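Every value quoted in this text rests on a predicted model; they were computed, and no experiment measured them. One is the number of the first residue; the rest follow in order along the sequence.
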Amino acid sequence: MDHRGDNDELHKLLTSSNVVYSVFQGMKEGLVITDINANILNVNQAYCSITGYSVQELIGRNLNIIKSNLHDQAFYRELWKRITSEGRWEGEIWNRHKCGRLFLQKLSIIAIRDKQDTINQYVGVVSDISEEEKLRKDIVRTGMLQRTLLPSAMNIKMLEIDTVFRPLNYLGGDFFDYYWDSEKRILSGYIIDIMGHGVTASFQNSVLRVLFRQNFDHNRTLVEILKTINQESMSYFLEDTFAAALCFRINLEDGLFTYACAGINKFIKCQTNGEINVIKQPGPYLGILSDPTFDEITEEIKMGELLFFMTDGFMDIFEMNNRLYANDLKGNMNMLRRMSISELKDDASAIGVLVKQVGGG
């Protein structure tokens with residue numbers, strides 16, 4: 001790409017003292033001008049604030065004064081190669097503040113050419129993004145912590161469970177959990193989808209996770225559980241936010257499957273004959289109505305049947321493409337794991353349950 005037009009205009013600006021002063025002092029980004037040997041010719045106050053040095057301490061010094069020594073020579077060779085060949089370089093670079101601390105910069109360097117097309121100056125535009133980097137790392141760590149709170153896969157004599165968690169970004173608004181009572185042979189679980197993404201949605205689903213854990217009891221109906229959680233969660237939802245959920249209970253001793261929908265109003269059932277059905281059941285969202293009405297449905301469950309509970313991120317793709325395979329828990333869950341980010345338009349989570357035995361045998 002030819003940047004000589006850009007360079008001519010920038011050169012005109014930088015050779016006008018009035019413009020130089022207004023640009024230097026008006027920019028919130030740091031601005032530094034050097035010669036071809038990276039010796040500093042001029043800086044603005046923002047650059048001084050970012051680096052900790054005064055104007056007098058910087059002018060005449062080489063840019064090495066802020067070098068962090070974190071980058072190897074290959075990094076700098078590629079940087080200057082790009083500037084020479086393309087006229088500019090943009091990226092992130094670690095430098096060192098006057099006090100000694102390291103800081104991360106977003107840096108753009110433009111080569112200034114004279115009328116003979118010879119590089120005679122460089123202009124660097126600098127932003128300190130250390131706080132943004134800290135925030136990003138915090139979000140990444142929180143996302144990792146969020147994953148540790150999710151239940152792991154389970155494969156026992158009576159059933160097999162596999163799960164997939166695919167947040168659109170580092171943090172997800174989805175959550176799921178399940179509990180296996182080996183004495184009563186009852187599996188209880190739920191899946192949640194918070195409207196929105198990121199930190200707020202992550203916090204809200206953490207609150208709901210606590211409420212579900214406090215209220216999930218085999219002696220209570222799913223309707224009672226949802227009503228209690230809805231009432232207790234109202235204060236944790238901001239204006240125009242809400243949650244979708246689906247609760248289920250599988251009693252393998254009696255061969256009964258019970259579910260109640262609260263915004264996640266469909267799931268997939270694969271029968272032993274290979275037929276795949278989308279089961280739909282209406283139910284209001286959590287966090288909107290003060291006294292909503294939920295319905296609880298109970299039906300027979302048979303050995304060999306598969307259940308898939310999904311949030312919209314996966315369910316929307318399934319309904320468009322019908323991509324599930326009959327009677328293949330692992331194959332379906334691995335297919336969901338392999339979906340590219342470009343396919344997913346929302347946080348996406350799924351619980352897959354294979355019934356391997358029904359009754360007390």
Side-chain angles (χ1 to χ4, degrees), residues 150-151 159 161-167 172-180 186-196 201 204-218 220-233 237 241-251 256-270 276-289 292-299 301 305-319 324 329 332-333 336 346-355:
L150 297 169
L159 55 82
I161 304 173
D162 199 2
T163 64
V164 179
F165 177 67
R166 293 288 304 278
D174 292 354
F175 201 86
F176 53 82
D177 209 347
Y178 56 81
Y179 321 92
W180 169 244
I186 295 176
L187 175 71
S188 297
Y190 61 87
I191 188 166
I192 300 171
D193 185 358
I194 306 289
M195 189 198 77
Q204 288 173 324
N205 75 30
S206 296
V207 171
L208 285 181
R209 177 179 181 271
V210 172
L211 294 177
F212 269 98
R213 280 191 168 263
Q214 290 174 343
N215 289 282
F216 237 102
D217 187 330
H218 291 327
R220 303 181 69 192
T221 68
L222 298 182
V223 168
E224 290 172 338
I225 292 170
L226 285 174
K227 279 185 168 291
T228 300
I229 291 172
N230 180 77
Q231 184 178 14
E232 294 183 6
S233 67
F237 285 98
T241 65
F242 52 85
L246 185 151
C247 299
F248 62 88
R249 182 172 289 153
I250 303 174
N251 187 326
L256 297 176
F257 165 50
T258 303
Y259 59 92
C261 297
I264 298 180
N265 295 331
K266 46 193 153 183
F267 61 92
I268 298 168
K269 185 176 183 181
C270 299
I276 300 177
N277 296 319
V278 177
I279 311 300
K280 299 181 179 180
Q281 173 65 31
Y285 291 98
L286 297 174
I288 296 180
L289 303 174
T293 299
F294 301 104
D295 293 319
E296 186 172 285
I297 309 299
T298 299
E299 57 187 47
I301 191 78
E305 290 186 332
L306 265 171
L307 298 169
F308 294 98
F309 307 102
M310 303 178 180
T311 58
D312 287 348
F314 282 143
M315 183 61 76
D316 290 346
I317 294 175
F318 166 75
E319 291 194 304
L324 286 185
L329 174 63
N332 286 320
M333 301 306 278
L336 297 179
D346 196 356
D347 294 332
S349 298
I351 304 174
V353 181
L354 170 62
V355 177

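- Annotation for Gly287 and Asn230: closest pair N-OD1, 2.9 Å, computed over non-hydrogen atoms.
- For the pair Gly263 and Ala244, the tightest heavy-atom approach, listed with the atom from each and the gap, is C-CB, 3.7 Å.
- Within a 6.0 Å radius of CD in Glu224, more than 12 heavy atoms belonging to other residues, nucleotides or ligands are found.
- If you run side chain to side chain contact (heavy atoms under 4.5 Å, CB included) between Ile351 and each of Phe267, Phe248, Phe308, only Phe248 comes through.
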Please determine whether side chain to side chain contact (heavy atoms under 4.5 Å, CB included) holds for the pair Tyr259 and Leu307, giving the CA-CA distance in whole Å, both sets of side-chain angles, and the decisive distance to 0.1 Å. CA-CA 12 Å; Tyr259 59 92; Leu307 298 169; over 6 Å; no
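- Not a single donor-acceptor pair under 3.5 Å links the side chain of Asp162 to the backbone N or O of Leu329.
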Is there a side chain to side chain contact (heavy atoms under 4.5 Å, CB included) between Ile192 and Leu286? Walk through the geometry before answering. CA-CA 10 Å; Ile192 300 171; Leu286 297 174; over 6 Å; no
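- By the 4.5 Å heavy-atom criterion applied to side chains, Leu159 and Ile250 are not counted as neighbours.
- Distance check, rounded to the nearest 0.5 Å: NZ of Lys227 to OG1 of Thr293 gives 5.0 Å.
- Across every non-hydrogen atom of Phe294 and Pro284, the tightest pair is CE2-O, 3.4 Å.
- The distance from atom OG1 of Thr311 to atom CD1 of Ile194, rounded to the nearest 0.5 Å, is 11.0 Å.
- Nearest heavy-atom pair, Glu296 versus Val223, reported as atom, atom and distance to 0.1 Å: OE1-N, 3.3 Å.
- Nearest approach of Leu246 to Cys261, heavy atoms of both residues: CD1-SG, 3.8 Å.
- Atom OH in Tyr190 sits 12.0 Å away from atom CD1 in Ile264 (nearest 0.5 Å).
- Judged by distance alone, the side chain of Asp174 and the main-chain N or O of Ser349 form a donor-acceptor pair under 3.5 Å.
- Between Ile225 and Arg249 there is a side-chain heavy-atom pair separated by less than 4.5 Å.
- Between atom CG of residue Asp312 and atom NZ of residue Lys266 there is a gap of 7.5 Å, rounded to the nearest 0.5 Å.
- Ring orientation note: the planes of Tyr285 and Phe242 are tilted relative to one another, at an angle of 30° to 60°.
- To the nearest 0.5 angstrom, Asn332 atom CG is 7.5 Å from Leu306 atom CG.
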What's the verdict on side chain to side chain contact (heavy atoms under 4.5 Å, CB included) for Leu336 and Arg166, showing C-alpha distance, side-chain angles and the deciding distance? CA-CA 9 Å; Leu336 297 179; Arg166 293 288 304 278; over 6 Å; no
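- Listed for the Asp316 side chain is no donor-acceptor partner under 3.5 Å among the backbone atoms of Phe314.
- In this structure, Leu211 CG and Glu232 CD are separated by 5.5 Å, a value rounded to the nearest 0.5 Å.
- Contact check for Thr163 versus Leu150: no side-chain heavy atoms found under the 4.5 Å cut-off.
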Check the pair Ile191 / Met310 against side chain to side chain contact (heavy atoms under 4.5 Å, CB included), numbers first and verdict last. CA-CA 8 Å; Ile191 188 166; Met310 303 178 180; 5.6 Å; no
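- In terms of heavy atoms, Leu226 sits closest to Cys247 at CD2-SG, 3.5 Å.
- Using the six-membered ring where Trp is involved, Phe309 and Phe257 have ring planes that are tilted, between 30° and 60° apart.
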